[in-house]
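A quick write-up on the structure given underneath.
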Amino acid sequence: MPRTESVAERWVDVNDGTWVRARRDRDLTACARVLRAVHRADGYPVNWPKDPVGWLRGDDAVGAWVGCHDERVVGNVLLTRPAPGDMAPTLVPAGTSVAVVGRLFVAPSARGQRVGTALLERAAREARLRGALPVLDVVTTDRAAITLYERLGWRFLGQGQQVWGPGEPVTVRCYAEPSGG
């Protein structure tokens with residue numbers, strides 16, 4: 001099915017029947033359903049949010065996109081300004097403008113179709129358009145995500161502890177997009 005393109009929303013074809021587009025408010029319920037499936041399969045997010053839709057909206061969001069397959073939402077990514085407690089922004093040279101990639105997930109049934117790669121690339125492109133270096137962190141137990149970031153050449157910045165819940169420290173690995181995008 002051919003996609004039309006408007007100024008406000010650009011479709012990016014990933015492969016036959018799969019694409020990435022700007023997320024709409026009406027996509028949030030579907031994103032929450034996919035997130036539930038990801039949480040059951042992979043334990044992401046580590047702490048299930050009380051308000052999944054609010055968590056997906058994100059504080060300080062500057063962009064959000066969904067991956068779709070045959071008209072169904074199958075993935076999500078968010079780009080935000082750095083927030084207090086974010087570790088990756090503290091590991092880049094002082095004065096570097098950064099944007100944080102987060103809330104990246106793909107339905108277990110849609111993996112292996114380049115959706116995660118396309119979502120990550122879309123968020124990173126938006127960061128670069130804003131003059132910022134895309135960075136992210138990932139819990140050390142999420143081997144699939146770490147493998148994706150390293151396969152795509154994202155630079156390992158360091159590892160450390162963050163507190164993601166009351167008295168709940170997690171160990172995260174921090175990455176930045178490769179130089180030159």
Side-chain angles (χ1 to χ4, degrees), residues 5-12 14 18-39 42-69 72-92 95-107 110 114-139 142 145 148-149 152 154 157 162-165 168 170 172-177 181:
E5 185 175 306
S6 71
V7 174
E9 184 172 298
R10 300 196 185 278
W11 299 90
V12 178
V14 177
T18 305
W19 67 93
V20 170
R21 65 165 169 76
R23 190 181 70 199
R24 306 173 191 140
D25 280 345
R26 67 179 179 252
D27 294 325
L28 287 166
T29 301
C31 287
R33 277 193 303 270
V34 173
L35 182 64
R36 172 62 77 182
V38 169
H39 181 71
D42 305 324
Y44 176 84
V46 171
N47 297 312
W48 183 253
K50 290 179 182 162
D51 174 14
V53 168
W55 184 80
L56 286 166
R57 260 192 200 100
D59 296 330
D60 295 326
V62 296
W65 299 269
V66 290
C68 299
H69 182 74
R72 284 180 303 113
V73 171
V74 296
N76 180 83
V77 69
L78 192 67
L79 187 67
T80 65
R81 293 175 194 84
D86 285 342
M87 182 177 294
T90 68
L91 299 176
V92 300
T96 302
S97 177
V98 298
V100 179
V101 176
R103 314 290 202 271
L104 173 60
F105 57 88
V106 174
R114 290 193 20 90
V115 178
T117 298
L119 286 165
L120 182 61
E121 288 172 352
R122 179 61 188 94
R125 183 168 38 112
E126 182 67 23
R128 290 190 311 274
L129 288 171
R130 293 171 175 271
L133 174 68
V135 298
L136 58 84
D137 58 41
V138 58
V139 292
D142 193 344
L148 172 68
Y149 305 142
L152 295 176
W154 281 59
L157 299 172
Q162 288 184 325
V163 177
W164 283 7
E168 186 176 352
V170 294
V172 296
R173 291 177 61 88
C174 302
Y175 290 88
E177 183 187 43

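The model shown is predicted, which means the values in this text are computed figures rather than measured ones. The first residue in the sequence is number 1, and the count goes up from there.
Of the inter-residue distances, the one linking L136 atom CG with R173 atom CZ reads 11.0 Å to the nearest 0.5 angstrom. With rounding to the nearest 0.5 angstrom, the CG atom of L91 is 11.0 Å from the CG atom of D86. Note that CG of L120 is 11.0 Å distant from CZ of R114, once rounded to the nearest 0.5 Å. The CG atom of L28 sits 5.0 Å away from the CZ atom of R57 when rounded to the nearest 0.5 Å. Interatomic distance, CG of L78 versus CG of L119, reported as 11.5 Å (0.5 Å rounding). Rounding to the nearest 0.5 angstrom, the gap separating the CG atom in L152 from the OH atom in Y175 is 11.5 Å.
Between E121 and R125 there is no salt bridge, since no side-chain N of the basic residue sits under 4.0 Å from a carboxylate O of the acidic one.
Residues V98 and P82 share a closest heavy-atom pair of CG2-CG, 3.4 Å. Listed here is the closest heavy atom pair of A88 and L157: O-CD1, 4.0 Å. Across every non-hydrogen atom of V100 and P89, the tightest pair is CG2-CG, 3.9 Å. The two atoms that bring A32 and L56 nearest to each other are N-CD1, 3.6 Å, heavy atoms only. Shortest non-hydrogen contact noted between D137 and C174 is CB-SG, 4.0 Å. Summarising the geometry of A110 relative to V74, their closest heavy-atom pair is CB-CB, 3.7 Å, with the distance given to 0.1 Å.
Side chain of R23 to main chain of V77: no donor-acceptor pair is present (N/O by atom type, distance under 3.5 Å, no hydrogens or angles). In this structure, D142 contributes its side chain and V139 its backbone to no donor-acceptor pair below 3.5 Å.
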| query | Step by step, would you call H69 with V115 a side-chain contact (heavy atoms from CB on, under 4.5 Å)? | reply | CA-CA 9 Å; H69 182 74; V115 178; 6.0 Å; no
| query | Can you list the steps and then say if N76 with V34 is a side-chain contact (heavy atoms from CB on, under 4.5 Å)? | reply | CA-CA 9 Å; N76 180 83; V34 173; over 6 Å; no
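Looking at V101 and E177, their side chains never come closer than 4.5 Å, going by heavy atoms from C-beta outward. Side-chain contact check for P45 versus F105: every heavy-atom pair is 4.5 Å or farther apart. Side chains of Y44 and L35 form a contact here, defined as non-hydrogen atoms less than 4.5 Å apart. You'll find the side chain of E126 stays beyond 4.5 Å of the side chain of V62, heavy atoms only. Y149 places a side-chain heavy atom less than 4.5 Å from the side chain of L104. Residues L148 and T117 have side chains in contact (heavy-atom distance under 4.5 Å, counting atoms from C-beta outward). Proximity of W65 to L79: side-chain heavy atoms (C-beta onward) are separated by under 4.5 Å at one or more points.
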